[in-house]
Amino acid sequence: MSVDRDAVGNTRSCVIIVENLPVPFDRRVWQEALALRDAGWLVSVICPRTAQYPESFVEIDGIEIFRHSLPTEARGKLGFLLEYSAALFHQLRLLLKIRMRRGFDVIQACNPPDLIFLVAAPFKLFGKKFVFDHHDVCPELFEAKFGGRGLLDRLLLLAERSSFRSADLVISANETYRQLAIERGGKAPGDVVTVYSVPDRSRIRRVPQDEALRAGARVVLGYIGIIGDQDGVDHLIRCMHRLSKVEGREDIRAVIVGDGPALASVRELARQLEVEDRITFTGYLRGDALLAAMSSFDIGVIPDPVNEYNDKISMNKVFEYSALGIPPVSYALTETRRLLGEAGTYAEDATSDGLARACATLIDDDALRARKGLEAKALADARFDWSREAQRFVGAYERLAPKPWRVDVLNNA
């Protein structure tokens, strides 16, 4: 069934494409979609279908979401090739469907991968605008996952450059990404806008703790996020082994919220290190269950290891822990330190033992832990404000596609 665009007036319309996470689970994409909707845009989203989000089509809060299947949750190079090929096919199919259903003026591609420009290219020939929402630095991500540089790395750099050059507007996830778009991608500074992935304060708040998750522990180390090979959850498992088995702290637990392709391997590592009884894996959570789990964290661990990729990215965990006043502990990553400053606690070396020592300083000092939590909350209140980011995001869209003059306004002028 097609939708008559005249029924909604001369409304600007956009399609947001994201391949690696479903919507509304992808917080950044969902907040962007809501911001555009609130500014009067007609918004559609194309994303993958998962067990937690199984509907092929759903409308939520006025936003139409079209979901497609994927053959596998990729880990190896062949798996990624299959996943991306299938995703591109479905993205093109659904773009054509949306074009017939309600039309669109702008296509926004959220990476990874840096290949969605391929499905946007035919529509640019008909005057549609292309926005590249730069979530990840894919060449560095590939190296973090698989190591080394070679032909595939050069192809990834080519895809990145093609995405930048095809884009009428680049939305960068942080200032480091913005500089990459300008220097590595050749974009004019005026065509690149930084929008941080900070949470909407109206949607993230402290609630009563989940006492079942705490299981009587004095201190809970928490993790929230994807569990992939590059995310360092294995470092958290080894950290827990040192703190509890080697150093004998019996009153601590870890709660790991999330899922991903490395979940089975990190659970097996916990079993091998005999700490599985001290760690709870919740899987994906949402709504009140997610807030209750996070409100149970006494320390928010950011175990992402030191590499060129993690050094450049702005972790969602930084913003989420800070918003709830959870003191963060991480490795000394450049972008993480730049965001957190003195509110963070950092490992002195890039090993799981170093991460354990950093956690121990907060575990063993209740006053310091409380002070660091207050500093993180004050930082979030002062600097991590989605309303400002949303205004910047929508403002960039407005420059790209100004609001059209309505005929009735012209007639009454």
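With values rounded to the nearest 0.5 angstrom, Phe142 atom CZ is found 6.0 Å from Leu156 atom CG. In this structure, Thr336 OG1 and Tyr346 OH are separated by 7.5 Å, a value rounded to the nearest 0.5 Å. Taking CG from Asn307 and CD from Glu143, the interatomic distance works out to 8.0 Å, rounded to the nearest 0.5 Å. Residue Leu324 holds its CG atom at 14.0 Å from CZ of Phe319, rounded to the nearest 0.5 Å. With rounding to the nearest 0.5 angstrom, the OG atom of Ser162 is 10.5 Å from the CZ atom of Phe132. Taken to the nearest 0.5 Å, the NZ atom of Lys317 stands 6.0 Å off from the CG atom of Asp231.
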**Asked** How far apart are the C-alpha atoms of Asp381 and Lys377, what are their side-chain angles, what is the distance that settles it, and do they pass the salt bridge (Lys or Arg N to Asp or Glu O under 4.0 Å) test?
**Response** CA-CA 6 Å; Asp381 290 345; Lys377 183 65 168 65; 2.9 Å; yes

**Asked** Does the side chain to side chain contact (heavy atoms under 4.5 Å, CB included) test come out yes or no for Leu213 and Val220, once each step is laid out?
**Response** CA-CA 9 Å; Leu213 285 181; Val220 171; over 6 Å; no

**Item:** side chain to side chain donor-acceptor pair (under 3.5 Å) between Arg242 and Ser352, worked out
**Value:** CA-CA 8 Å; Arg242 179 176 181 87; Ser352 56; over 6 Å; no

**Request:** Kindly determine whether Ile299 and Tyr321 satisfy side chain to side chain contact (heavy atoms under 4.5 Å, CB included), including the steps that lead there.
**Result:** CA-CA 9 Å; Ile299 296 170; Tyr321 295 159; over 6 Å; no

**Prompt:** Given Asp168 and Asp191, is the side chain to side chain contact (heavy atoms under 4.5 Å, CB included) satisfied, shown in steps?
**Reply:** CA-CA 7 Å; Asp168 300 286; Asp191 294 332; over 6 Å; no

**Test log, rule salt bridge (Lys or Arg N to Asp or Glu O under 4.0 Å), inputs Arg205 and Asp200** = CA-CA 10 Å; Arg205 64 194 185 282; Asp200 184 340; over 6 Å; no

**Request:** Determine, stepwise, if the pair Leu355 / Tyr331 fulfils side chain to side chain contact (heavy atoms under 4.5 Å, CB included).
**Result:** CA-CA 7 Å; Leu355 188 66; Tyr331 292 115; 3.7 Å; yes

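Side-chain contact annotation: Arg286 with Tyr53, donor-acceptor N/O pair under 3.5 Å present. Side-chain N/O atoms of Glu335 and Ser314 include a donor and acceptor closer than 3.5 Å. Between the side chains of Glu268 and Gln272, a donor-acceptor pair is found at a separation under 3.5 Å. In this model, no donor atom of one side chain and acceptor atom of the other lie less than 3.5 Å apart for Ser13 and Arg102. Side chains of Ser387 and Asp385: a donor-acceptor N/O pair is present below 3.5 angstrom, by distance only. Between the side chains of Ser197 and Arg28, at least one donor-acceptor pair of N or O atoms lies under 3.5 Å. Using modelled atom types and a 3.5 Å distance limit, the side chains of Asp133 and Gln108 yield a donor-acceptor pair.
Between Gly258 and Thr282, the closest heavy-atom pair is N-OG1, 4.1 Å. Taking each heavy atom of Phe393 and Leu36 in turn, the nearest pair found is CE2-CG, 3.6 Å. Closest approach of Phe130 to Ser163, counting heavy atoms only: CE2-O, 3.9 Å. When every heavy atom of Pro139 is checked against every heavy atom of Glu160, the shortest pair comes out as CD-OE2, 3.7 Å. Considering every non-hydrogen atom in both Ala332 and Asp311, the closest pair reads O-OD1, 4.5 Å.
With respect to Glu64 and Arg101, a salt bridge is recorded, a charged nitrogen being found less than 4.0 Å from a carboxylate O. Between Arg184 and Glu140 there is a salt bridge, with a side-chain nitrogen of the basic residue lying less than 4.0 Å from a carboxylate oxygen of the acidic one. Using a cutoff of 4.0 Å between basic side-chain nitrogens and carboxylate oxygens, Asp251 and Arg278 are not scored as salt-bridged. A salt bridge does not link Arg267 to Glu276: none of the charged side-chain nitrogens sits closer than 4.0 Å to a carboxylate oxygen.
Looking only at distances, a side-chain donor or acceptor of Asp349 sits under 3.5 Å from a matching main-chain atom of Thr351. Under the 3.5 Å distance criterion, the side-chain polar atoms of His90 are left unmatched by any main-chain donor or acceptor of Leu92. Distance alone, capped at 3.5 Å, is enough to place a donor-acceptor pair between the Asn310 side chain and the Pro305 backbone. A donor-acceptor distance shorter than 3.5 angstrom exists from the side chain of Ser296 to the backbone of Ala292, with no hydrogens or angles considered. At distances below 3.5 Å, at least one donor-acceptor pair connects side-chain atoms of Arg369 with backbone N or O atoms of Leu362. Looking at Arg12, its side chain never comes within 3.5 Å of a backbone N or O of Asp105 through a donor-acceptor pair. Listed for the Lys245 side chain is no donor-acceptor partner under 3.5 Å among the backbone atoms of Met240. Of the possible polar contacts, one joining the Arg214 side chain to the Arg218 backbone as a donor-acceptor pair under 3.5 Å is found. Judged purely by atom type and a 3.5 angstrom limit, Arg67 has no side-chain atom pairing as donor or acceptor with the backbone of Val45. The backbone N or O of Gly344 lies less than 3.5 Å from no partner atom in the side chain of Arg337, so there is not a single donor-acceptor pair.
Atom CD of Gln52 has more than 12 neighbouring heavy atoms from other residues, nucleotides or ligands inside a 6.0 Å radius. Atom CG of Asp288 sits in a sparse spot, with 12 or fewer heavy atoms from other residues, nucleotides or ligands closer than 6.0 Å. Other residues, nucleotides and ligands contribute over 12 non-hydrogen atoms within 6.0 Å of the NZ atom of Lys124. Counting heavy-atom neighbours within 6.0 Å of Glu211 CD, excluding the residue itself, gives a total above 12. Counting heavy-atom neighbours within 6.0 Å of Lys312 NZ, excluding the residue itself, gives a total above 12. Heavy-atom contacts from other residues, nucleotides or ligands closer than 6.0 Å to CD of Glu398 number more than 12. Atom CD of Gln391 has 12 or fewer heavy atoms from other residues, nucleotides or ligands within 6.0 Å.
Here the two rings, on Phe89 and His68, have centers that are 6.0 Å apart or farther.
Residues Phe297 and Val257 meet the side-chain proximity criterion, which asks for heavy atoms closer than 4.5 Å. Side-chain contact between Val195 and Trp386 is present, with at least one heavy-atom pair separated by less than 4.5 Å. Two residues are said to be in side-chain contact when any heavy atoms from C-beta on lie closer than 4.5 Å; Cys239 and Cys359 meet this criterion. Here the side chains of Thr50 and Phe25 are not in contact, with every heavy-atom distance at 4.5 Å or above. Here the side chains of His134 and Val192 are not in contact, with every heavy-atom distance at 4.5 Å or above. Residues Arg27 and Pro199 are in side-chain contact: their nearest non-hydrogen atoms beyond the backbone lie under 4.5 Å apart. Asp304 is not listed as a side-chain neighbour of Gln230, based on a closest heavy-atom distance of 4.5 Å or more. Counting heavy atoms from C-beta on, the side chains of Ile237 and Val275 come closer than 4.5 Å.
When each of Ile46, Val23, Ile116, Asn111 is paired with Val18, the side-chain contact (heavy atoms from CB on, under 4.5 Å) condition holds for Val23 and for no other.
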